[in-house]
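What follows is one structure encoded as structure tokens, with my remarks underneath.
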Protein chains: 2
Amino acid sequence: MAGKKGAGVLELAVLGLLNGAPMHGYELRKRLNALLGMFRAFSYGSLYPCLKQLLARGLIVEDRPEERESAALPLQSRRSKIVYTLTAEGKEHLQELLTEAGPASWEDEGFGVRFAFFSHTRADVRLRILEGRRSRLEERLESVRAALARTRERVDSYTLELQNHGLESVEREVRWLNELIGRERAEQEQAKTTNQDMPRDTGR
Amino acid sequence: MAGKKGAGVLELAVLGLLNGAPMHGYELRKRLNALLGMFRAFSYGSLYPCLKQLLARGLIVEDRPEERESAALPLQSRRSKIVYTLTAEGKEHLQELLTEAGPASWEDEGFGVRFAFFSHTRADVRLRILEGRRSRLEERLESVRAALARTRERVDSYTLELQNHGLESVEREVRWLNELIGRERAEQEQAKTTNQDMPRDTGR
DNA sequence: TTCGTCATGTAATGGGTTACATGATTAC
DNA sequence: GTAATCATGTAACCCATTACATGACGAA
């Protein structure tokens, strides 16, 4: 459990959430599953080890209420909650994770998590992530369509049904991405023209 | 690598494909990725160990061309291809896998694979799988909608965008399932009335 | 006082990937 | 003869899960 490096969707998600506000583990999981419930659900069995390991790497710090034992808050929450806060190193690492492509097998799951934290992501990185996702989906579409054309008429109706449903779903997501990319580009254009009074080309 | 029990989507997929026709590993993977390319892609690093293990469990048998060495087919395919064939036990196990629910974490990935082999699946099992999938999706919809209602107006526009896209995708799949379930029911009704001249209840 | 939920954790296991290593066959 | 693809395999590791275990707290 948690050997050495341990990047992963969960790590990204935890850092991303903690970037918003300090939290304890239990709440973290709730928010996670509310945020990403459509795509996946994490369990405590993976969350707590992950937190432990992030702690060991100095990316987050913990605040255990017992440690300030003499503080004397007799009523109101003498809890064993452990609140985690993102450190500067953690923020740095989060940006790296958001930016990096990741080892290809995630890409799929990673996209949803990255997207969820777009409001904390640089505009150019956002655009790159969206375009990366789109081109991956388009590759997949092309290869599946090719496979479908090769074996046409030799597949049963259920297989065909599945292929078509899949194809349509992916096409739908591509259209969605196109819209988002369009919006992002428009915003960037707008920002560019408002940031400089003279809207002339700067290089490219 | 391939410890003891080793059920999994891959095993199901391999048995399912082999149920159609005997094949060697390489082709198996190609077909797999053509069939399920929309959802996932398996690698040789998992396929071959899986085959080995299925072999050890007696669910498939291999045909190594070297073993019939004196057969003397000088021209035409003196290959090192190893063709695997499903055994009777394998077919039995396949039916079990198609029928069983599986340990909840698959359900998601398992559905696509199960669906891909619907033409080899009993009609009542098909219906159960479709309805199971639908009710799981509906549960998810409900919980996500609840979470969305709880935190409404406190989430940024990107998160909202993601939630909505996810919601719509799942809703779309539910509609698809509804249509399929309708068709299945209609076929069952038709089969029932054609199989027996007198359409009276037989027990259940 | 018991029950549900909040809250934190550990051990064993699981199913799959990446990266590597090798060789045969086909096409040019 | 050499490059691409077909074909088979192994070792190391990865990320997360299930199942279990524990305990505090609030409400009935």
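In what follows, chains carry the letters A, B, and so on, assigned in the order in which the sequence lines appear, proteins first and then strands, with residues in each chain numbered from 1.
For the pairing with A/Arg57, the salt bridge (charged side-chain N to carboxylate O under 4.0 Å, His left out) check across A/Glu92, A/Glu11, A/Glu89 returns one residue only, A/Glu11.
One finds a side-chain N or O of B/Tyr26 lying less than 4.0 angstrom from the OP1 or OP2 phosphate oxygen of D/dC6. Of the side-chain N and O atoms in B/Ser46, none sit less than 4.0 angstrom from OP1 or OP2 of C/dG15. Under 4.0 angstrom from either OP1 or OP2 of D/dT17 there lies at least one side-chain N or O belonging to A/Ser43.
The existence of a salt bridge linking A/Arg126 and A/Glu131 is excluded, since no basic side-chain nitrogen approaches an acidic carboxylate oxygen closer than 4.0 Å. The existence of a salt bridge linking B/Glu168 and A/Arg172 is confirmed by a sub-4.0 Å separation between a basic side-chain nitrogen and an acidic carboxylate oxygen.
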**OP:** Under 3.5 Å for both distances, Watson-Crick or G-U wobble, that's the pair rule; now give the dot-bracket for DNA chain D, with | marking pairs to another strand and [ ] for crossing ones.
**Re:** ||||||||||||||||||||||||||||
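B/Gly45 comes within 4.0 angstrom of a base, heavy atoms only. B/Phe42 comes within 4.0 angstrom of sugar-phosphate atoms only, judged by non-hydrogen atoms across all strands, and of no base. Among the protein residues, A/Arg29 comes within range of no part of the nucleic acid, since none of its heavy atoms lies under 4.0 Å from any strand.
Relative to the side chain of A/Tyr44, the nucleotides C/dT8, D/dT18, D/dA16 differ in distance, and C/dT8 lies closest. Nearest to the side-chain atoms of A/Lys81 among the listed nucleotides C/dT8, D/dA16, D/dA7 stands C/dT8.
A cation-pi contact, defined as under 6.0 Å to the ring centre and within 45° of the axis, is absent between B/Arg29 and B/Phe42.
The aromatic ring centroids of A/Tyr44 and A/Tyr26 lie less than 6.0 Å from each other.
B/Glu173 contributes atom CD, which lies 9.5 Å from atom CG of B/Leu180 (distance to the nearest 0.5 angstrom).
For the pair A/Gln53 CD and C/dG9 P, the interatomic distance rounds to 15 Å; values are reported in whole Å.
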